[in-house]
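A note on names: the letters A, B, ... follow the listed sequences, proteins ahead of strands, and every chain is numbered from 1.
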Amino acid sequence: MAPYESENTTAAEEVDEPRTGRRRAARYVVPVTVMGVAAATIGLVPAIASSGDPDLPEITAAQLIEKIAKSDVEQLSGTVKITTDLGLPNLGGLENSIASGAMGQGEEGGSSADPSAKLTELASGTHTLRVAADGPDRQKVSLLEDAAEYSLIRNGENLWGYDSGSNAVYHATVDKSGEEREQQPPATPKDFAEEALKSVDDTTSVTVDGTAQVAGRDAYKLVVEPKQSGSTVGAISIAVDHETGMPLKFTLTPSSGGAAVVDVGFTKVSFDRPAASTFEFTPPKGAEVTEDDELDHGREHPGKPERAPKSEEDLAKGLDGLKMLGEGWNSIATFDTGSEGGLPTGEAGGDLGGFLGSLGDQVKGDFGTGTVFSTRLVNALITEDGKVYVGTVTKDALVKAADAGK
Amino acid sequence: MSRAEAVRRTSPLWTLGLFRSELLTTFRRWRTVALLGVLAAVPVLVGIAVRIETGDGSPAGGGGGGGGGPAFISQITNNGLFLVFTALAATLPFFLPMAIGVVAGDALAGEANAGTLRYLLVAPAGRTRLLLAKYATVMAFCLVATLVVAVSALLVGALLFPLGDLTTISGTRIGFGEGLARALLIALVVAASLIGVAALGLFVSTLTNSGIAAMATTVGLLITVQILDQIPQLHALHPYLFSHYWLSFADLMREPVHWDDLTKNLGLQALYAAVFGSAAWARFTSKDITA
């Protein structure tokens, strides 16, 4: 077939080649335009959406803190995005193998639906949570995963944990007093904000820094900053809803700059009463239900495998001698592990000790030598004679404290 | 002249007629039937495997470990409806888009290869309309392929496992009727997730006169994109890859439904359809049809 029509078309083409050529090229303008418009939309829409800060009546920092304290939001539902970047050393595959090792151990006595095991996942990376609350007795927190979800539901005396990925259920009964609630790790901006405001004293400057829009609501921005230098905490910014006084966003930026260490904020929030069915939970058929009592022995050292090295106990003993140095943001916790030779695992641990040593930096001072382990927020110094200094302070401040303690 | 006007006046019917004949041609092909057969077999295999594995009463998915196997697999034994979700989650990353790639890649290049494209263009329908009919056919195939997987999974699930109220992944309960409605919605979302691949395949199909080359390129692009989506260093690129939000259909099983990723997915598919659809149009309407 080919010979025939190639004659035809080439003949036709030669006649109006320049014109068709241009017309052909012109057609490709359409897809390119579509792409351009899409790129412009993606780039511009967020900029337009966050147009300007809302106008709200002036308020002093003290009034704002009082507003937070008085806030009594009992009913809410919303989506929380939590990003943590503690700057922990990247262990790569090792981390996974440790995690799976811990998981494997959990198989015996634990359950993947055990809240203490699950919510530690929040310590790194970005996660989306859903929260719902209706009064003090009914709360729900769900951690959204790929095609699965981990929900922690409290309804009256019952506390349910449901891991849809493995269809595992955890059940516990709690006292009406709500003591159990305090043990739960912080998940909402409110929890974080309360922690931060506890530490407000005369070493802290608290200011109102304009307004912002969070989750479609107008909010005041409260900025908490340490007055002294030497802390790794740069500033804490809390966005407070102007109507309810509820903290909507919490951002902790390190003094070293860069991305926020902790950034927790609502992306959607509603103060309407959530549907009652939200808090109702009956274990699905065939689900593996673990009662809290069965986990009791594991509870004594939450998150610590039983096979933990002996030095763990030494460390625990050392904790009895815990002392606080300094005040406010620059306070440093110190204790004596009692084990000569620096790293508690140094000799006993062999390879592990060497590995830990390689993660830290060697420092020298009047106190002798030691190893500093640093993250973006917390630094720790372990001296050769077994003393440990930990705090949200810079390395230099740790060394100074160690020198002073000598 | 009068004939041409008559043609122009009845043009909607023409497009419809063209679409119908395209649809018939596509679905009468043995190749298409075989593809659908393979897709229907996947839920059967998954269902039987889960049934055998859990025959002794142990839960599927390796007990409390989780994480293994496609999404929702651990719930199948308790409710057969979950087989629909598992089957869609299992076929969406590869089987479904591969089938779409074959049909879309073949749409124009296959005709050119067989020397039938010029005869199609003899009909006074115009190239744009032919392209539209072809694209509509590919999209219809997306829908049919997804429904074949879903219906086959539902039948197998109903035969092998109990049905009844189901627990959403948020832990709340919904009735079986609502569960079915959500399953249908999920099937539609999965079908819509394939729009991007369909447009890409059609564009590739306009570039070559070899059906095999077009299919291989489309499937190759599909695999490349899936690999790119797994490389953490390229995370800035990920939100723009057509497969990135595919598994977001599972968000329909949350209570309340989490729409963020679902809308992102549909928007992204629409963007791919617009870009590659218009690129296919630009190419096809200006190209020399030599076969």
Max heavy-atom pair count under 4.5 Å with chain B, selected residue of A/Val34, A/Leu144, A/Ile153: A/Leu144
Salt bridge B/Arg118-B/Glu111, side-chain N to carboxylate O under 4.0 Å: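 No, B/Arg118 and B/Glu111 are not salt-bridged.
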Sidechain N-carboxylate O distance under 4.0 Å for A/Asp263, A/Lys249: yes
Selection residues 76-85 of chain B - residue pairs positive for salt bridge (charged side-chain N to carboxylate O under 4.0 Å, His left out), sequence neighbours left out: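 Qualifying pairs: none.
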Pairs involving residues 249-263 of chain B, ordered by first then second residue, that meet salt bridge (charged side-chain N to carboxylate O under 4.0 Å, His left out) (sequence neighbours left out): A/Glu149-B/Arg254, A/Lys268-B/Asp260, B/Arg182-B/Glu255, B/Asp251-B/Arg254, B/Asp261-B/Lys264
Chain A contact via B/Ser248 - which portion, at a heavy-atom distance below 4.5 Å: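 For B/Ser248, neither part sits under 4.5 Å from chain A.
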Out of [options], which one racks up the most heavy-atom pairs below 4.5 Å with chain A?
options	value
B/Ala274, B/Ala89, B/Pro256	B/Pro256
B/Gly267, B/Gly164, B/Ser278, B/Ala250	B/Ser278
B/Lys287, B/Met253, B/Arg283	B/Arg283
B/Asp165, B/Thr168, B/Thr285, B/Leu271	B/Thr285

Axial cation check for A/Trp160 ring with A/Arg154, 6.0 Å and 45° limits: no
Contact listing (chain B partner; residues 275-284 of chain A; heavy atom under 4.5 Å): A/Ser277, A/Thr278, A/Glu280, A/Phe281, A/Thr282, A/Pro283, A/Pro284
Toward chain B, the part of A/Ser164 with a non-hydrogen atom under 4.5 Å: both
Distance-only check: which donor-acceptor pairs under 3.5 Å involve side-chain atoms of residues 240-247 of chain B, not counting sequence neighbours?
residue	atom	partner	partner atom	Å
B/His244	ND1	B/Asp229	OD1	2.8
B/His244	ND1	B/Asp229	OD2	3.4
B/Trp246	NE1	B/Ser193	O	2.9
B/Trp246	NE1	B/Phe242	O	3.2

Verdict with reasoning, B/Gln75 to B/Leu83, per side chain to side chain contact (heavy atoms under 4.5 Å, CB included): CA-CA 8 Å; B/Gln75 273 112 318; B/Leu83 187 58; over 6 Å; no
Main-chain N/O of B/Leu108 paired to B/Ser205 side chain as donor or acceptor, under 3.5 Å: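 Present.
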From CA spacing to verdict: side chain to side chain contact (heavy atoms under 4.5 Å, CB included), B/Glu53, B/Ile73: CA-CA 12 Å; B/Glu53 194 201 335; B/Ile73 201 160; over 6 Å; no
